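Inspection log for the structure reproduced underneath, given as structure tokens.
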Amino acid sequence: MSRNQKLAFGEIDIRLKPKGSVKEVIAKLSRGLMLPIAMLPIAGLFLGIGSTIVNLTTQDNQITMAGLHVLGNILKISGDVVFAALPVLFAIAIAISFTKDSGTAGLSAFVGWLIFNAVQNALIITKGHPADHHTDADGYQFLWYSFMGEAGISKFESIFTSNVGIRSLSTSVFGGIIIGFSVAFLYNKFKNIQLPSIIGFFSGVRFIPIVTFAFALVLGLLVSMVWPLIGLGLYAFGNALSGAPVGINSFIFGLVERSLVPLGLHHAFYAPLWYTGAGGSFELDSHVFYQGVDTGVTWKQAIWPDGNVPEVHPEGDQNLWMFINNYLCKSYSITTVPGGETVKFTVTLNNWYEFYKPGAYAPNPGQYMQGKYPFMMFGLPAAAAAMILVVPKGSENRKQAISIIGSAALASFLTGITEPLEFTFLFLAPWLFWGIHAPLCGISFWLMNILRAHMGMTFSGGALDFIIYGVVPDATGHTANCYWAIIIGLVLVPIYYLIFRTLILKFDIKTPGRGAAVKMFTKADFRAKGSSANVAPATNATIKPHDKYAVLAEHVIAAYGGATNIKNVDACITKLRVQVVDQKIVDKEQLLQLGARGVIKPSPQSVYAVFGNEADVIKNKMNEILFPGE
């Protein structure tokens with residue numbers, strides 16, 4: 001048995017490197033990214049419904065059914081504004097994530113974001129300034145790059161956007177992450193500062209917005225100097241990925257993204273490809289092509305002929321898909337220049353790149369999202385069926401297997417929440433996860449890409465997102481080609497079922513229901529056990545009657561070795577992430593009895609317990625007990 005990996009049920013030690021602190025930082029980053037991402041399903045739903053209503057009530061740029069059109073606009077703009085504000089939301093969420101949910105840090109992050117972008121805005125001057133500066137396509141000039149000449153500056157046409165109403169550099173979520181980390185650092189360093197009595201009012205946390213103001217000003221100047229070049233590098237990286245032979249980029253993405261799930265690092269991996277130019281971009285100032293011929297009309301003029309152009313800069317796979325589906329997919333009637341001929345054509349998700357720089361970089365919208373649908377809706381449920389059906393027929397344990405694994409399979413199909421099911425076989429046989437499941441996920445992404453599916457998503461690839469971002473676009477003529485998800489999924493069903501069934505039987509993997517020793521404890525088990533668990537309470541805190549999560553938190557603290565052994569408590573969607581002083585005294589078996597589906601040790605001072613969707617509630621109760629008043 002390798003010292004780097006233990007294959008015992010309920011535990012997997014992933015000490016691939018001794019640098020646990022790096023993993024812990026990335027884990028916190030992932031948790032911070034998930035806070036705003038959790039809002040995207042409702043925002044995407046509003047955006048999609050609103051856009052559909054607006055498109056149905058607009059014919060040849062003429063509005064019909066004005067009342068319904070206004071309602072559609074309200075829904076559309078309400079959803080769109082969340083996607084547009086993702087960078088500042090990331091800044092706030094990351095600052096909170098690294099400061100034990102401090103509201104002061106969140107407020108300071110927003111202040112920092114405003115100053116950060118205001119400084120950049122001050123360096124953008126309008127066309128016609130007496131100084132010999134150069135302009136972007138909108139008539140704006142950027143101070144730092146005046147030395148490049150007209151040919152050089154033309155490369156920077158897409159580096160500007162609007163951030164919370166401030167025209168500045170398109171630093172996207174990277175800018176938000178930079179501000180979030182900066183504010184978290186300042187908060188943790190200065191939160192207890194004591195100033196001279198004459199200005200003592202500004203001591204402690206009230207000093208944080210002040211120091212953030214000054215720091216963000218300097219940071220804005222520094223980023224202004226270097227970001228245009230970094231932005232171009234991201235776009236070049238996106239071009240290289242999109243130009244990878246036979247869509248191999250999507251296979252690599254799917255393989256790596258799933259492989260990082262056990263470590264909790266997958267959110268940090270996919271965020272740049274979903275929200276920055278690394279995942280693709282769309283230049284509104286480029287010209288529309290028709291049958292390979294330049295029409296002389298820009299996309300801005302085609303999409304918004306009335307000149308009422310919103311400040312948008314679509315970049316990143318998810319943002320790009322939302323933009324194309326909700327703004328670009330419609331019928332156009334434009335007058336070309338020169339010649340004055342009227343050209344009529346319809347743009348869909350399937351053909352949009354035929355009108356956008358033919359032969360140039362044109363990413364497939366959805367290439368880093370849609371691959372989840374086949375394995376989440378079909379593949380994993382088929383693996384679940386295999387785990388259920390290997391239990392002897394007529395056995396009492398068959399019902400147990402159906403209850404435990406069947407509910408997880410249904411969650412995977414409907415909502416795309418796969419961690420309970422994936423962790424079931426991850427803890428029993430990790431090689432099934434990394435050796436079989438992760439490569440099949442990569443293949444799913446690859447096939448969806450090369451077969452020209454164009455599906456979006458907001459949170460996960462279950463049936464609900466499938467309807468909103470596949471069925472609805474197809475029904476409204478946007479041709480997302482969602483049928484490929486079903487076809488590929490049906491192909492994966494026998495593959496997953498036969499492989500998992502064969503390997504479970506061949507290697508006698510103790511899946512739930514095949515042996516009492518591998519019983520997976522459920523919420524019902526914990527309720528039956530209640531406060532009679534053979535664990536001493538962790539503290540003397542008073543617990544409200546019938547507050548089962550407070551009771552559970554007390555026992556979880558004890559299982560982690562008591563309050564003195566816990567340095568920090570955090571959580572993602574399904575995992576309770578705890579930093580400890582001494583990992584050896586953590587009682588893994590007790591955590592499993594308390595309802596954890598498994599225990600992960602990603603670093604020498606971190607122990608994660610998989611409690612499913614209850615993880616965040618348990619975290620909050622533990623923090624109330626361990627760190628009252630913080």
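Just so it is clear, the structure is predicted and the values come from calculations on it, not from any experiment.
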Could you tell me whether a side-chain N or O of [X] sits under 3.5 Å from a main-chain N or O of [Y], the two making a donor and an acceptor?
X      : Y      : result
Ser250 : Gly247 : yes
Asp317 : Tyr368 : yes
Asn351 : Val347 : no
Ser97  : Ala93  : no
Asn326 : Met322 : yes

**Asked** For Gln318 and Thr458, does a side-chain donor sit closer than 3.5 Å to a side-chain acceptor?
**Response** no
**Parallel, tilted or perpendicular, as decided by the 30° and 60° cut-offs, for the rings of Phe174 and Trp227** =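 Ring orientation of Trp227 relative to Phe174: tilted.
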Report all side-chain donor-acceptor pairs from residues 177-188 shorter than 3.5 Å, counting only partners two or more places apart or in another chain.
{"residue": "Ser182", "atom": "OG", "partner": "Ile178", "partner atom": "O", "Å": "2.7"}
{"residue": "Tyr187", "atom": "OH", "partner": "Ser102", "partner atom": "OG", "Å": "3.3"}
{"residue": "Asn188", "atom": "ND2", "partner": "Phe98", "partner atom": "O", "Å": "3.2"}
{"residue": "Asn188", "atom": "ND2", "partner": "Ala184", "partner atom": "O", "Å": "3.0"}

Side-chain donor-acceptor distances from residues 78-86 under 3.5 Å, at least two apart:
{"residue": "Ser78", "atom": "OG", "partner": "Ile74", "partner atom": "O", "Å": "2.6"}
{"residue": "Asp80", "atom": "OD2", "partner": "Tyr327", "partner atom": "OH", "Å": "2.4"}

**Request:** Taking side-chain contact (heavy atoms from CB on, under 4.5 Å) as the test, write out the residues that go with Ala244, two or more places apart.
**Result:**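 Scan of Ala244 (side-chain contact (heavy atoms from CB on, under 4.5 Å), adjacent residues dropped) gives Ile248, Asn249.
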**Prompt:** If you round to the nearest 0.5 Å, how far is CG of Asn449 from CD of Gln370?
**Reply:** 6.5 Å
**Prompt:** Has Lys189 got its NZ or CZ under 6.0 Å from the middle of the six-membered ring of Phe207, at an angle within 45 degrees of the ring axis?
**Reply:** no
**Message:** I'd like to check Leu241 versus Leu273 (side-chain heavy atoms, cut-off strictly below 4.5 Å). Are they in contact?
**Reply:**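 Yes. Closest side-chain heavy atoms under 4.5 Å.
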**Prompt:** Asn350 and side-chain hydrogen bond (donor to acceptor under 3.5 Å, both in side chains): which partner among Asn481, Asn364, Thr479?
**Reply:** Asn481
